[in-house]
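No experiment lies behind these values; they were computed from the predicted model shown. Numbering of ligands and ligand atoms starts at 1, following listing order.
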Amino acid sequence: MDYDVAIIGCGVSGANIARRLSAYNIKTVILEKAADVSFGTSKANSGIVHGGFHHNKKYLKTRLEIQGNLMFDQLKRELDFPFRRCGIIVAALHEEEMKAVEHLYMQGVENGVIGIEICSRERILELEPKLNYDVTGGLYAPGGGIIEPYRFVFALVESAMKNGVQLLTNFKVSEAKRDESAGLWTVHAEDGREIKARYAINSAGLFADEVSKIFGGEEFSIKARKGEYFLMDRLTKARPGRVVFPVPTAVSKGMLVIPTVEGTALVGPTADAVDDKYDYSTTTERLEQILDSGKNMIPSLSRNDVITSFAGLRPFLEEDFYIEPSKKAPAFVQVAGIQSPGLTASPAIGEHVKNLLKDMGLELTEKPGWDPFIEHRARSRELDPFALDALIAKDAAWGNIVCRCENVSEAEIVQAVRLGHHTLDGVKYFTRAQMGRCQGGFCTYKIIKIIMRETGLSWDAITKHGRASRLLEAEL
Ligand SMILES: Cc1cc2nc3c(=O)[nH]c(=O)nc-3n(C[C@H](O)[C@H](O)[C@H](O)COP(=O)(O)OP(=O)(O)OC[C@H]3O[C@@H](n4cnc5c(N)ncnc54)[C@H](O)[C@@H]3O)c2cc1C
């Protein structure tokens with residue numbers, strides 16, 4: 001089958017582009033090398049919808065961040081993913097840090113950030129009573145928020161597919177040839193599959209440099225910058241009501257304390273350049289640093305509340321995003337170097353890339369039957385006992401709680417599997433099963449059995465996140 005547009009890489013950038021293009025009468029395909037979507041940088045980040053004051057608006061990333069931020073309320077209504085505008089605080093712990101706060105404030109005003117406020121000590125403590133009492137003041141941006149990043153990507157892809165976009169997973173783009181007379185790219189996967197498309201979009205995250213090379217596009221090098229985190233149990237007393245930032249450093253926004261939208265708390269991330277783009281290791285040294293830095297802002301943070309650690313890798317190219325039609329490869333758009341605030345900017349990236357494609361000659365006519373909404377899905381932990389009883393009466397699987405830490409029922413796991421999430425991580429990111437205090441210690445084998453029953457896969461085909469991540473050495 002020939003497509004109008006092939007999107008390479010399905011993180012939050014590719015997913016937003018796909019969803020935006022799904023509103024038009026064109027054929028779009030997403031090519032993703034992983035077993036599921038959102039398995040790259042988009043799965044491990046701070047989950048913050050940034051406030052638009054950290055960077056100057058001379059950067060494209062800032063302009064897209066500000067535009068993207070404003071798009072989340074409507075997206076939430078349409079796509080039913082966890083998102084809350086809890087507000088962002090920058091806490092100054094010394095008088096001299098107030099200079100940096102003033103700079104951020106002026107930048108925010110210049111960028112048009114709504115409701116941004118410089119705060120006295122009293123005001124900042126009123127906004128966030130768990131802050132260190134030595135705080136001298138700070139900044140407040142009420143429009144900042146928190147989001148579950150993988151659920152956002154899943155919802156965007158579900159919506160895009162509902163409106164006709166095709167998704168090919170385990171499709172690692174390894175070769176591309178252009179037939180200029182036909183105006184088509186032939187794109188090959190490592191496993192021998194191929195598709196043809198008129199336009200190709202490179203949204204391959206950490207590997208956008210490799211994909212650019214495959215298409216004969218610009219040569220550049222994406223560097224990985226690692227961010228390590230601690231995840232705190234939902235029972236922690238230190239979970240703030242708003243995202244708490246320190247005053248930023250030259251290389252990063254600093255280590256923060258984040259109330260996740262699902263009720264846990266995150267502390268981190270670090271910012272270290274690493275050579276290996278698969279290095280997701282965490283280190284005792286950095287984790288100690290994170291805890292110290294977090295306690296500096298919220299003293300009640302306790303090591304006893306830590307349930308796990310993890311790391312994410314920022315795809316760093318240069319100061320700004322690189323979103324442009326390639327000057328070397330025809331009908332090829334670069335969406336590269338999408339480091340922070342890529343998650344926040346992503347809805348605006350979708351809009352921006354749609355406009356670039358239009359300028360490049362892609363004819364876009366609106367689909368009359370485009371449906372922006374996806375189905376609302378019940379979650380047992382959010383239901384009152386009466387609503388849950390009603391569901392159990394229809395399907396007993398709602399009464400079988402598989403993940404006790406996060407209160408996830410068998411019915412929800414089945415739903416995730418039937419929607420195409422066939423790995424343990426896919427089920428985890430869709431349902432939160434395995435994300436709680438025991439980190440899957442009690443529920444993993446139950447989830448494996450459900451995946452096997454629902455898909456007919458044998459025990460040796462069950463993986464954590466595809467390919468070589470097989471889990472079992474023998475039948476359960
Ligand atoms: C520690 C950390 C904290 C962050 N915090 C925030 C935050 O709070 N707020 C915010 O706005 N932003 C944040 N970000 C930035 C944000 O996470 C990224 O900008 C965003 O996730 C990038 O999405 P992407 O789709 O461009 O890349 P990715 O999510 O990496 O997606 C790229 C996809 O391409 C696929 N791919 C690669 N090569 C190929 C190939 N050859 N063929 C097919 N597919 C391929 C990959 O498998 C992957 O799925 C943070 C990032 C990090 C690392």
Looking at N45, N170, I146, the heavy atom closest to atom 50 (C) of ligand 1 belongs to N45

Can you name the salt bridge (charged side-chain N to carboxylate O under 4.0 Å, His left out) partners of D279, sequence neighbours left out? K226

Option whose closest heavy atom lies nearest to atom 30 (O) of ligand 1, chosen from I30, T41, I147, I258: T41

Polar-atom distance check: I48 versus ligand 1, any N or O pair below 3.5 Å? yes

Out of all atoms in ligand 1, which are within 4.0 Å of some heavy atom of P341? Include the element for each. 10 (C), 11 (O), 12 (N)

Cation-aromatic face contact R377/F81, 6.0 Å, 45 degrees: no

Between V173 and ligand 1, is there a nitrogen or oxygen pair with a distance under 3.5 Å? yes

Please check if the number of heavy atoms outside E175 that lie under 6.0 Å from its CD is greater than 12. yes

Taking N or O atoms only and a 3.5 Å limit, does Y229 qualify as a polar contact for ligand 1? no

Where on P149 is there a heavy atom closer than 4.0 Å to ligand 1, on the side chain, on the backbone, on both, or on neither? neither

If you apply the rule side-chain hydrogen bond (donor to acceptor under 3.5 Å, both in side chains), what do you find for T282 with S309, and how did you get there? CA-CA 7 Å; T282 53; S309 65; 3.1 Å; yes

Test of understanding: given a 4.0 Å heavy-atom threshold, classify the contact between V37 and ligand 1 as side chain, backbone, both, or neither. neither

Measure from NZ or CZ of K253 to the centre of the six-membered ring of F245, then state whether that distance is under 6.0 Å and the direction lies within 45° of the axis. no

Does C10 approach ligand 1 within less than 4.0 angstrom via side chain, backbone, both or neither, non-hydrogen atoms only? backbone

Look at atom CG of D275 and say whether more than 12 heavy atoms of other residues, nucleotides or ligands are closer to it than 6.0 Å. no

Just distances here: any N/O of V12 and N/O of ligand 1 closer than 3.5 Å? yes

Side chain, backbone, both or neither: the part of V211 lying under 4.0 Å from ligand 1 by heavy atom: side chain

Best match, K253, E32, K277: closest heavy atom to atom 33 (C) of ligand 1: E32

Does R193 have any salt bridge (charged side-chain N to carboxylate O under 4.0 Å, His left out) partners at least two apart in sequence or in another chain, and if so, which? D191

Given the ring of F207, does K33 sit roughly above its face, with NZ or CZ under 6.0 Å from the centre of the six-membered ring and within 45° of the axis? yes

For the 3.5 Å polar cut-off, considering only N or O atoms, please tell me whether L343 and ligand 1 meet it. yes

Atoms in ligand 1 with a heavy atom of G9 nearer than 4.0 Å: 33 (C), 34 (O), 35 (C), 44 (N)

So, S38 and K43: side-chain donor and acceptor under 3.5 Å apart, yes or no? no

Could an N or O of ligand 1 be found under 3.5 Å from any N or O of I338, whether backbone or side chain? yes

Is there a nitrogen or oxygen of K172 sitting under 3.5 Å from a nitrogen or oxygen of ligand 1? no

Short list, please: which atoms of ligand 1 are under 4.0 Å from a heavy atom of F207? 37 (C), 38 (N)

Of A208, S46, G466, the residue with the heavy atom nearest atom 5 (N) of ligand 1 is S46

Does the N or O separation between R225 and ligand 1 drop below 3.5 Å for any pair? no

Report the member of S13, G11, A44 with the shortest heavy-atom distance to atom 26 (O) of ligand 1. S13

If you take all heavy atoms of G51 and I88, which pair is closest and at what distance? N-CD1, 3.7 Å

Please list, in number order, the atoms of ligand 1 under 4.0 Å from a heavy atom of T344. 9 (N), 10 (C), 11 (O)

Does the plane of the ring in Y322 sit parallel, tilted or perpendicular to the ring in F220? Use 30° and 60° as the thresholds. perpendicular

Would you say the ring centroid of Y429 lies under 6.0 angstrom from that of F154? no

List the closest protein heavy-atom neighbour of atom 29 (O) of ligand 1: residue, atom name, distance to the nearest 0.1 Å. S42 OG, 2.5 Å

Residue-level breakdown please: for H50 versus ligand 1, do any non-hydrogen atoms fall below 4.0 Å on the side chain, on the backbone, on both, or on neither? side chain

